Amino acid sequence: MNKKDIPFFAETLNKMFPDAKTELYYNNEFQLLIAILMSAQTTDKQVNKVNKIFFEKFKIPEDWIKIWVEKIKNYIKSISFFNNKSENIVKTCKILVSEYNCIIPKTIEELIKLPWVWIKTAKVFLAVTLDAPYIWVDTHVHRVLNRLGFVKTKTPLETDKKISNYFTKQDHSKLHNTLVLFGRYHCTARKPKCETCVFKEKCKYFKNKK
Ligand code: SF4
């Protein structure tokens, strides 16, 4: 697949996942940011399992800074890197309280100044809250775009850089939710559903497999 196939690709994914949205559980923007932070190197499913209970108690930044970090660690210990995540989440909450009056900033530049918030995190947050034109290049998206032949890259970071010039802003808007779901449920890492895939005739991976 190449650039000229992008409209067909985006339109097809839209039909496959008409109600696509983030699968992370949250009740407000603050909880969304925390859920995205927690989801690094962990599945959304695992994060949701913890947060469906945890977010009942922790709704706003002040809730987090009132309790001991050790207690937070204990709550989220089933999530990878829970030590680092707990400490950095508390630091982030302190900054949100002291510098932003608990209102989450809405620019990449401000968001990435918060501890443990990387560009990827900021882009996901803005894509979900403002429908900003960013694609969340996680391992699924990286795999799909390489298999189809849109990019030839070794890491999600490299893919992210490549597509920022390759795909237009409009493409990013159309693809940011559907692409993740396509990688998660259709073009899966171990058993991609190639035989029933509408893209198979144009897919580099499928052609090589044949
Ligand atoms: S043909 Fe297979 S590898 Fe290619 S996009 Fe479809 S599911 Fe993925």
Side-chain angles (χ1 to χ4, degrees), residues 1-26 32 35-49 51 79-81 108 118-210:
M1 273 195 165
N2 56 45
K3 223 169 174 147
K4 71 175 173 24
D5 295 309
I6 295 173
F8 163 68
F9 179 58
E11 211 174 295
T12 308
L13 291 192
N14 219 12
K15 283 181 192 154
M16 286 175 80
F17 304 101
D19 304 317
K21 57 180 189 206
T22 177
E23 295 189 307
L24 286 169
Y25 172 81
Y26 66 99
L32 171 66
I36 299 169
L37 294 180
M38 284 185 177
S39 71
Q41 311 283 328
T42 309
T43 63
D44 287 3
K45 212 171 157 186
Q46 185 58 31
V47 173
N48 290 346
K49 209 168 135 187
N51 284 345
I79 290 179
S80 61
F81 304 108
I108 289 190
W118 315 109
I119 285 208
K120 192 174 98 173
T121 322
K123 284 182 175 177
V124 179
F125 180 76
L126 296 174
V128 176
T129 54
L130 297 180
D131 206 20
Y134 300 122
I135 292 176
W136 177 357
V137 182
D138 61 0
T139 51
H140 301 295
V141 171
H142 169 65
R143 179 180 64 251
V144 169
L145 294 178
N146 272 279
R147 280 180 174 172
L148 283 163
F150 282 120
V151 296
K152 194 176 172 190
T153 51
K154 289 195 166 41
T155 62
L157 192 63
E158 216 187 311
T159 304
D160 188 49
K161 282 188 188 147
K162 192 102 184 174
I163 62 165
S164 58
N165 296 322
Y166 190 80
F167 288 2
T168 63
K169 277 192 174 178
Q170 210 186 10
D171 298 330
H172 282 245
S173 287
K174 284 183 189 157
L175 288 165
H176 63 201
N177 285 318
T178 54
L179 197 45
V180 173
L181 298 182
F182 182 71
R184 211 172 264 178
Y185 299 111
H186 185 94
C187 186
T188 55
R190 290 200 184 150
K191 286 187 181 170
K193 298 174 179 145
C194 297
E195 290 311 322
T196 58
C197 184
V198 69
F199 306 122
K200 67 182 178 190
E201 296 311 324
K202 286 172 177 271
C203 175
K204 194 176 83 177
Y205 177 91
F206 184 74
K207 285 183 196 165
N208 290 342
K209 209 164 65 163
K210 276 205 298 186

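Source: prediction; values computed, not measured. Counting convention: from 1, in listed order, for ligands and their atoms alike.
At a heavy-atom distance under 4.0 Å, only side-chain atoms of Cys203, from C-beta outward, approach ligand 1. Of all the heavy atoms of Leu148, the ones lying under 4.0 Å from any atom of ligand 1 belong exclusively to the side chain. Of the heavy atoms in Tyr205, only side-chain atoms (C-beta onward) come closer than 4.0 Å to ligand 1.
Judged by distance alone, with hydrogens and angles left aside, the side-chain atoms of Asn51 form no donor-acceptor pair with the main-chain N or O of Tyr25 at under 3.5 Å.
With respect to atom 6 (Fe) of ligand 1, the closest heavy atom belonging to the protein is Cys197 SG, 2.4 Å. Looking from atom 8 (Fe) of ligand 1 to the surrounding protein, the closest heavy atom is Cys187 SG, 2.4 Å.
Surrounding NZ of Lys45 are at most 12 heavy atoms belonging to other residues, nucleotides or ligands under 6.0 Å away. Applying the 6.0 Å contact sphere to CZ of Phe81 captures no more than 12 heavy atoms from other residues, nucleotides or ligands. Around atom NZ of Lys162, no more than 12 heavy atoms belonging to other residues, nucleotides or ligands sit under 6.0 Å away.
Using a cutoff of 4.0 Å between basic side-chain nitrogens and carboxylate oxygens, Asp5 and Lys202 are scored as salt-bridged.
For residue Cys194, an N/O/S atom approaches atom 2 (Fe) of ligand 1 to within less than 2.8 Å.
Within ligand 1, counting atoms from 1 as listed, the ones closer than 4.0 Å to a heavy atom of Lys200 are 1 (S). Every atom of ligand 1 is numbered from 1 in the order shown, and the set under 4.0 Å from a heavy atom of Arg147 is 3 (S).
Ring geometry for Phe9 against Phe150 counts as tilted: the plane angle lies between 30° and 60°, on a 0 to 90° scale.
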